[in-house]
Amino acid sequence: MSVIEKIKQIKAGKMTAEQNIKGFLNAIEKDNGNGRKINAVLSLNPNAVSDARKIDERIRKGQKVGKLAGAGIIVKANICVKNLECNCASLTLKDWKSPYDASVIQKIKKEDGIIIGIANMDEFACGGSGETSAFGVTKNPRNLTLIPGGTSSGSAASVAAGFCDLALGSDTGGSIRNPASHCGVVGLKPSYGAVSRYGLIDMAMSFDQIGPLARDIESAALLFDVIKGYDEHDPTTYNDEEHNKEITLEKIGKKIIIGVIKPLANKQVQSIIDDKISLMCEKLGWNKKQIEIKYIDVAVQTYYPIVYVEFFSGTRKFDGRRFGKKIEDVAGPEVLRRILGGSEISKAEYEGRYYKKALEVKQIIKEEFENAFKKVDCLIVPTCPGLPWKIGESMRVEEIYAYDALTIPANLAEICSVTIPAGIVSGVPVGMQVMCAKANEGKMLSIAREIEKL
Ligand code: GLN
């Protein structure tokens with residue numbers, strides 16, 4: 001049953017929110033630590049069942065309930081949920097409980113969504129495999145020997161394993177889309193500024209966005225609809241016409257022009273995406289157009305100096321004085337590499353050599369995308385250039401960084417992008433991204449839904 005259908009049933013009293021949440025708690029009990037040991041969930045909300053009962057009670061009394069009534073949601077460990085341990089999967093913040101709700105959590109609670117628990121992730125959202133968590137690697141529910149992708153590893157794995165209806169992740173350079181692709185679920189990275197970052201512990205503040213993971217487009221759209229919009233606590237957020245509208249997935253009235261770029265993924269992955277695009281053209285009468293995005297091949301090199309500097313700056317508050325431990329004393333190698341690298345780049349920055357230069361290239365890439373969207377409705381590209389590797393396989397840092405080559409461009413360009421399952425290679429899901437211009441989530445999701453139906 002889809003989440004949308006389930007919420008309808010709960011509202012109609014045909015099923016209870018309590019049953020829904022208990023079902024998820026049982027699945028977590030069975031497979032998160034015991035059984036399949038997926039390790040996607042770090043901690044549970046002790047009030048989840050009583051919160052569900054309160055919603056059932058209101059439904060019984062005929063009172064109005066919200067858009068997410070009774071839906072169970074798992075939240076990445078870098079998004080603050082009041083009284084739950086939001087530790088960024090790091091020993092730095094182990095045992096730290098958030099004193100407040102992030103804006104997205106306030107909105108979810110207002111619409112009667114139920115927070116089931118907190119998801120595992122790569123430490124401080126640095127990485128891309130789910131292996132850098134201080135609390136153990138998350139396994140890919142589709143194949144337990146493989147990484148689930150990251151850094152929203154636990155969020156994607158929770159959706160794929162049936163631990164929740166919906167999950168929240170964050171995406172700085174692909175962290176929602178990459179694990180969604182590897183776990184065979186939908187992952188939506190909103191345009192920069194579409195969703196408030198208030199209460200998100202930042203990785204790199206000029207790229208970070210919170211977004212939904214779900215089993216289908218319609219439910220991802222529902223959660224996006226709830227969390228989007230202007231927030232006085234985050235000055236980068238906006239409300240424009242597109243975002244004031246409720247995201248209703250309408251049938252696309254016109255023939256879509258799909259932009260494709262030169263192949264950047266391995267052959268197996270690329271051919272799945274190419275076949276899918278051919279199917280769209282054949283079955284939906286859409287057209288494809290070859291597009292050149294200049295400098296897309298230096299996206300990774302542009303992204304990392306910015307991330308290193310902003311991450312270094314953002315982590316200065318973790319000095320162990322007011323809360324937690326000093327980050328340099330307890331964090332893992334990837335976090336330390338970025339702190340060290342960020343501090344060196346900042347020192348050398350007096351001539352505007354690195355950070356400022358990278359920002360200039362970011363701007364050029366952003367304009368390249370803006371021009372592309374004057375010619376096409378969307379771009380369709382693979383989410384990852386290859387297939388998930390085996391847990392524990394040794395990978396060079398450069399290889400791991402290069403793995404984000406197809407997701408980072410959307411963060412540089414500030415546009416929206418959604419990953420949807422496109423096919424299977426040797427039993428492993430392969431995702432593809434549909435990207436649209438900034439603030440065009442409604443159009444993007446409508447296009448994605450047509451593709452999902454094929
Ligand atoms: N893998 C990328 C990085 O390590 C993206 C991480 C993210 O989106 N949070 O920076």
Side-chain angles (χ1 to χ4, degrees), residues 76 78 121-132 140 146-153 155-156 169-183 187-190 192 202-209 211 213 261-266 269-270 273 293 295-311 333-335 337-338 341-342 358 361-362 365-366 368-369 379-389 393 395-419 429-435:
K76 188 174 181 178
N78 59 352
M121 58 184 279
D122 281 294
E123 185 174 24
F124 279 107
C126 299
S129 66
E131 296 174 295
T132 72
N140 189 327
L146 301 178
I147 56 153
T151 63
S152 308
S153 44
S155 307
S170 68
D171 193 308
T172 311
S175 282
I176 290 176
R177 291 161 288 157
N178 165 316
S181 170
H182 289 342
C183 294
L188 161 59
K189 181 207 98 73
Y192 190 70
D202 38 35
M203 202 278 253
M205 56 197 117
S206 62
F207 297 130
D208 297 336
Q209 275 292 287
L213 294 104
I261 57 170
K262 66 177 179 209
L264 291 168
N266 80 19
V269 170
Q270 191 68 48
I273 311 304
I293 307 271
Y295 308 111
I296 194 165
D297 28 16
V298 293
V300 174
Q301 291 85 336
T302 308
Y303 167 84
Y304 274 99
I306 301 177
V307 162
Y308 271 41
V309 169
E310 293 187 4
F311 183 67
E334 186 53 36
V335 164
R337 181 180 358 262
R338 292 179 192 216
V361 182
K362 171 187 188 281
I365 293 178
K366 188 169 170 238
E368 282 290 311
F369 273 92
L379 285 163
I380 296 187
V381 291
T383 304
C384 298
L387 297 173
W389 56 86
E393 193 176 325
M395 298 284 291
R396 283 181 303 117
V397 177
E398 297 79 9
E399 280 176 291
I400 296 179
Y401 285 9
Y403 204 68
D404 296 328
L406 298 169
T407 45
I408 283 174
N411 302 78
L412 294 172
E414 303 184 9
I415 59 174
C416 50
S417 175
V418 64
T419 289
V430 168
M432 80 186 164
Q433 303 177 76
V434 179
M435 302 176 177

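Being a predicted model, the structure only gives us computed values, none of them experimental. Atom set for the values below is all heavy atoms of this structure, side chains included, hydrogens, waters and symmetry mates excluded.
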Is there a donor-acceptor contact under 3.5 Å from the side chain of [X] to the main chain of [Y]?
X	Y	value
Ser181	Arg177	no
Lys76	Ser170	yes
Tyr403	Glu398	no
Glu131	Ile147	no

- [ ] To the nearest 0.5 angstrom, please state how far the NZ atom of Lys366 sits from the CG atom of Asn411.
- [x]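 Separation between the atoms: 13.0 Å.
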
Task: Rounded distance [0.5 Å steps], OG1 in Thr172 versus CG in Asn78 - done: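 Nearest 0.5 Å value for the OG1-CG distance: 8.0 Å.
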
- [ ] Run the ring-centre check on Phe207 versus Tyr303 and record whether the distance is less than 6.0 Å.
- [x]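 For Phe207 and Tyr303, the ring centres are under 6.0 Å apart.
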
Open item on the list: If we count only N and O atoms by modelled type, under 3.5 Å, do the side chains of Ser417 and Gln433 hold a donor and an acceptor together?
Closed with: yes

Open item on the list: Whether the Asn178 and Thr407 side chains hold a donor-acceptor pair (N or O, under 3.5 Å, no angle test) is what I'd like checked.
Closed with: no

Task: Verdict with reasoning, Ile296 to Ile365, per side chain to side chain contact (heavy atoms under 4.5 Å, CB included) - done: CA-CA 7 Å; Ile296 194 165; Ile365 293 178; 5.9 Å; no

TODO: Please lay out, stage by stage, how Glu414 and Lys362 fare under the test side chain to side chain contact (heavy atoms under 4.5 Å, CB included).
DONE: CA-CA 10 Å; Glu414 303 184 9; Lys362 171 187 188 281; 2.7 Å; yes

Open item on the list: Are there over 12 heavy-atom neighbours, none belonging to Tyr401, within less than 6.0 Å of that residue's OH?
Closed with: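 It does: Tyr401 OH has more than 12 such atoms within range.
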
TODO: Apply side chain to side chain contact (heavy atoms under 4.5 Å, CB included) to Pro179 and list each qualifying residue two or more places apart in sequence or on a separate chain.
DONE: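 Ser152, Ala156.
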
- [ ] List for me each residue that meets side chain to side chain contact (heavy atoms under 4.5 Å, CB included) alongside Asp297, sequence neighbours excluded, and say none if there are none.
- [x] Lys262

